[in-house]
*Asks:* 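So that we are looking at the same thing, I have put the structure below in structure tokens.
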Amino acid sequence: MRIETAEHLEAFRTELRAFIAQHSPGTKHHTGVRAPADDLVPAIRSFTAALFDAGYLGADWPEEHGGRGAAYDSREAFVVAEEIALARTWAPIGAFQLAAPALIDFGTDEQRAHFLPRIRNAEDIWCQLFSEPGAGSDLASLKTRARLAGDHWVIDGQKVWTTNGQLADVGYLLARTDPDAPKHKGITAFALDMRTPGVDVRPLREITGSSDFNEVFLDSVRIPVDRVIGEVNNGWRIANSSLAHERSGVASGSVELVAQLQNLVELASGDAGEAARDRLGRLAVHVHVTDAMSKAVQSHMLAGTDDASDAPLVKIFFSETNLAMTELGIELQGAGGIAAEGDADVAQDGWWQDAFLYARAYTIAGGANEVLKNVVAERALGMPR
Ligand SMILES: Cc1cc2nc3c(=O)[nH]c(=O)nc-3n(C[C@H](O)[C@H](O)[C@H](O)COP(=O)(O)OP(=O)(O)OC[C@H]3O[C@@H](n4cnc5c(N)ncnc54)[C@H](O)[C@@H]3O)c2cc1C
């Protein structure tokens, strides 16, 4: 199923594909949102800037900040996400997909004039400083404190799982400014210069062997009052509104699964037993259901008819199908499955070994699946809590 039947979107896709081939920073050897090697970061910045410059990113921004106004077709964002995934190259890194809408909808003119051009030319990489050791699914219970001291806020606390924190120039930070208010009402959003004294970014080494996210310790960090995004104590609304803007994610996962399915078939290489063939067949069904669901949800989003279950169901189907595929990818290698990436003769360069270890991350990031199932049950099906 394809939703972009319009001729101009097919032309858009063709041009974009050529553009990515010309400007991309090369092939990404691992699945997921991974930290690039330091020497690759300049090429990813250039690619990001080129995508903005050509209007493939930021086309939905206000025209005075480089958007295309009425000429923009909102289906394009899904095509861009798909083509970047299909090219197996680096997506633009950083949390600007969250920060830009927050600045556009809630920021001051000065903040927009300062930050948006720096996002467009990829001078600033943003990170998302939301989660804490005791506040992930229940984000509103975050404890990082911000106290007003003259013309600065002083921040103390700890964040965790900060993707690309080690590369970031600016952090989109949530901190508690009113500890006496109900928990959703005492939170404020800030733009934090990551080079401020007292910001200590410590990479976490993951089971994959890479360090894709970090702990960030904040010790008496001073943020000027003009770096509050929106109103003080309105951060919960701002964060939720910017999370709702990031919709193109429903497009990239399923195209990756379709491509992976082909690799899995090659791995089975004709001599897989009946049980493995049966699993492969079932997985093929799940991959195509996920893809069809993703296209249907994109279409609901474009028509404004999406409900509370749409994006969560795509994410649950994608991450669980992906996990099952990586398990089969390891099992199909028999004893070779215990080889690690980098070992001699490991199948498909060890891609499945890494993908298997990473697969749990997809079931957690962007909302843990159990929590999303609650959302589907309570908000879409109207079941009791
Ligand atoms: C790859 C990756 C990248 C990330 N990047 C960032 C980032 O850049 N910035 C950032 O701020 N955060 C980031 N996160 C954090 C992410 O948002 C949290 O991991 C997520 O919200 C879950 O929170 P938690 O890890 O604290 O787990 P918890 O909320 O403690 O959950 C632990 C377990 O309990 C279950 N659970 C919790 N509540 C319920 C419930 N009500 N009902 C049923 N089960 C429940 C969960 O499903 C899970 O299995 C990232 C996470 C991952 C995996």
Side-chain angles (χ1 to χ4, degrees), residues 28 30-36 91-100 102 125-144 155 157-176 183 187 189-192 194 199 201-218 229 235-236 238-240 242-244 246 249 252-253 256 308 311-312 315-316 318-320 322-323 326 354-379 383-385:
K28 188 161 152 265
H30 298 119
T31 181
V33 181
R34 310 301 283 273
I93 54 174
F96 72 81
Q97 291 97 331
L98 294 177
I125 291 176
W126 283 67
C127 65
Q128 180 196 355
L129 296 165
F130 286 15
S131 305
E132 299 183 1
S137 303
D138 184 16
L139 181 60
S141 61
L142 62 87
K143 292 198 166 52
T144 291
I155 318 287
Q158 185 199 338
K159 297 290 172 175
V160 74
W161 315 130
T162 315
T163 305
N164 290 316
Q166 77 280 29
L167 305 171
D169 305 286
V170 191
Y172 178 14
L173 168 75
L174 294 183
R176 186 162 303 286
K183 65 180 182 178
I187 295 171
F190 298 88
L192 165 65
M194 292 296 283
V199 177
V201 180
R202 299 187 200 162
L204 288 165
R205 188 172 162 85
E206 288 131 50
I207 194 171
T208 50
S210 54
S211 293
D212 305 316
F213 37 63
N214 304 265
E215 298 176 294
V216 178
F217 295 85
L218 303 161
I229 304 174
W236 186 250
I238 294 167
N240 277 299
S242 43
L243 288 169
E246 214 323 76
S252 53
E256 271 184 50
K315 198 258 166 171
I316 293 165
F318 157 73
S319 57
E320 293 187 355
N322 177 65
L323 179 59
T326 63
D354 176 79
F356 169 74
L357 295 175
Y358 190 84
R360 296 281 167 189
Y362 278 133
T363 67
I364 302 168
N369 284 4
E370 294 77 11
V371 172
L372 294 181
K373 285 175 186 171
N374 285 344
V375 170
V376 173
E378 292 163 19
R379 290 199 219 146
M383 293 172 74
R385 281 176 69 84

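Note that ligands are numbered from 1 as they come in the structure, with each ligand's atoms numbered from 1 the same way.
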*Asks:* Could you tell me whether Lys28 and Glu256 make a salt bridge, using a distance below 4.0 angstrom between a side-chain N and a carboxylate O?
*Replies:*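 Result for this pair is no, no salt bridge flagged.
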*Asks:* Any atoms of ligand 1 less than 4.0 Å from a non-hydrogen atom of Asn374? List them with their elements.
*Replies:*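 Contacts of ligand 1 toward Asn374, numbered from 1: 40 (C), 41 (N), 42 (N), 43 (C).
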*Asks:* What protein heavy atom is closest to atom 52 (C) of ligand 1, reported as residue, atom name and distance in Å?
*Replies:*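 It is Ala365 CB, 3.5 Å.
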*Asks:* Which ligand 1 atoms does Ala368 reach within 4.0 Å, using its non-hydrogen atoms?
*Replies:*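 Numbered from 1, ligand 1 contributes 46 (C), 47 (O).
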*Asks:* Which protein non-hydrogen atom lies closest to atom 48 (C) of ligand 1, naming both residue and atom, and how far is it?
*Replies:* Glu370 OE1, 4.1 Å
*Asks:* Side chain to side chain contact (heavy atoms under 4.5 Å, CB included) for Thr31 and Thr326? Distances and angles first, verdict last.
*Replies:* CA-CA 11 Å; Thr31 181; Thr326 63; over 6 Å; no
*Asks:* Among all protein heavy atoms, pick out the one at the shortest distance from atom 30 (O) of ligand 1; state its residue, atom name and that distance to 0.1 Å.
*Replies:* Ser137 OG, 5.0 Å
*Asks:* If the test is side chain to side chain contact (heavy atoms under 4.5 Å, CB included), which one of Ile316, Asn374, Ile364, Leu323 qualifies with Asn369?
*Replies:* Ile316
*Asks:* Do the non-hydrogen side-chain atoms of Ile155 and Thr144 ever get within less than 4.5 Å of each other?
*Replies:*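 Counting from C-beta outward, Ile155 and Thr144 do come under 4.5 Å.
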*Asks:* Tell me the protein heavy atom at minimum distance from atom 16 (C) of ligand 1, and give that distance in Å.
*Replies:* Ser131 OG, 3.8 Å
*Asks:* Do Val201 and Thr162 come within less than 4.5 Å of each other through their side chains, counting heavy atoms only?
*Replies:* no
*Asks:* Which atoms from ligand 1 have a heavy atom of Gly136 less than 4.0 Å away?
*Replies:*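 So the answer, numbered in order with elements, is 21 (O), 23 (O), 24 (P), 26 (O).
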*Asks:* For atom 9 (N) of ligand 1, find the nearest protein heavy atom and state the residue, atom name and distance (0.1 Å precision).
*Replies:*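 Going by distance alone, atom 9 (N) of ligand 1 is nearest to Gln128 O, 2.8 Å.
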*Asks:* Among all the protein's non-hydrogen atoms, which is closest to atom 19 (O) of ligand 1, and how far away is it?
*Replies:*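 Going atom by atom, the protein heavy atom closest to atom 19 (O) of ligand 1 ends up being Ile364 CG2, 3.4 Å.
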*Asks:* Is Val33 close enough to touch ligand 1? Criterion: a residue heavy atom under 4.0 Å from a ligand atom.
*Replies:* no
*Asks:* Not counting sequence neighbours, which residues clear salt bridge (Lys or Arg N to Asp or Glu O under 4.0 Å) with Arg205? List them please.
*Replies:*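 Listed in chain order: nothing, the list is empty.
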*Asks:* So, for atom 35 (C) of ligand 1, does the protein have a heavy atom nearer than 4.0 Å?
*Replies:*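 Within 4.0 Å: no protein heavy atom nearby.
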*Asks:* Of all the non-hydrogen atoms in the protein, which one sits nearest to atom 14 (N) of ligand 1, and at what distance?
*Replies:* Trp161 CB, 3.4 Å
*Asks:* Near Phe130, which atoms of ligand 1 are under 4.0 Å from a heavy atom of that residue?
*Replies:* 11 (O)
*Asks:* Going by the atom numbers of ligand 1, which of them fall below 4.0 Å from some non-hydrogen atom of Thr163?
*Replies:* 3 (C), 4 (C), 5 (N), 6 (C), 7 (C), 8 (O)
*Asks:* Indicate whether atom 32 (C) of ligand 1 is within a distance of less than 4.0 angstrom of some protein heavy atom.
*Replies:*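 When distances to the protein are checked, atom 32 (C) of ligand 1 has no heavy atom within 4.0 Å.
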*Asks:* Is the distance from the ring center of Trp161 to that of Phe213 below 6.0 Å?
*Replies:* yes
*Asks:* Got a donor-acceptor contact below 3.5 angstrom from the Arg385 side chain to the Glu378 backbone?
*Replies:* no
*Asks:* Quick one: do Glu215 and Arg202 make a salt bridge, cutoff under 4.0 Å?
*Replies:* no
*Asks:* Walk me through whether Asp354 and Arg34 qualify under side chain to side chain contact (heavy atoms under 4.5 Å, CB included).
*Replies:* CA-CA 11 Å; Asp354 176 79; Arg34 310 301 283 273; 3.0 Å; yes
*Asks:* Can you tell me the protein heavy atom closest to atom 1 (C) of ligand 1 and the distance?
*Replies:* Phe213 CE2, 3.5 Å
*Asks:* Just jot down the salt bridge (Lys or Arg N to Asp or Glu O under 4.0 Å) partners of Glu132, sequence neighbours excluded, or say none.
*Replies:*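 Partners of Glu132 under the salt bridge (Lys or Arg N to Asp or Glu O under 4.0 Å) test: Lys159.
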*Asks:* Any chance you could measure Phe130, atom CZ, to Ile187, atom CD1, to the nearest 0.5 Å?
*Replies:* 10.0 Å
*Asks:* Number the atoms of ligand 1 from 1 as they appear, then name those within less than 4.0 Å of a heavy atom of Ala361, with their elements.
*Replies:* 1 (C), 53 (C)
*Asks:* For atom 41 (N) of ligand 1, is the nearest protein heavy atom under 4.0 Å away?
*Replies:*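 So far as the 4.0 Å threshold goes, atom 41 (N) of ligand 1 is in reach of a protein heavy atom.
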*Asks:* Could you check which of Val371, Asp212, Asn164 puts a non-hydrogen atom nearest to atom 39 (C) of ligand 1?
*Replies:* Val371
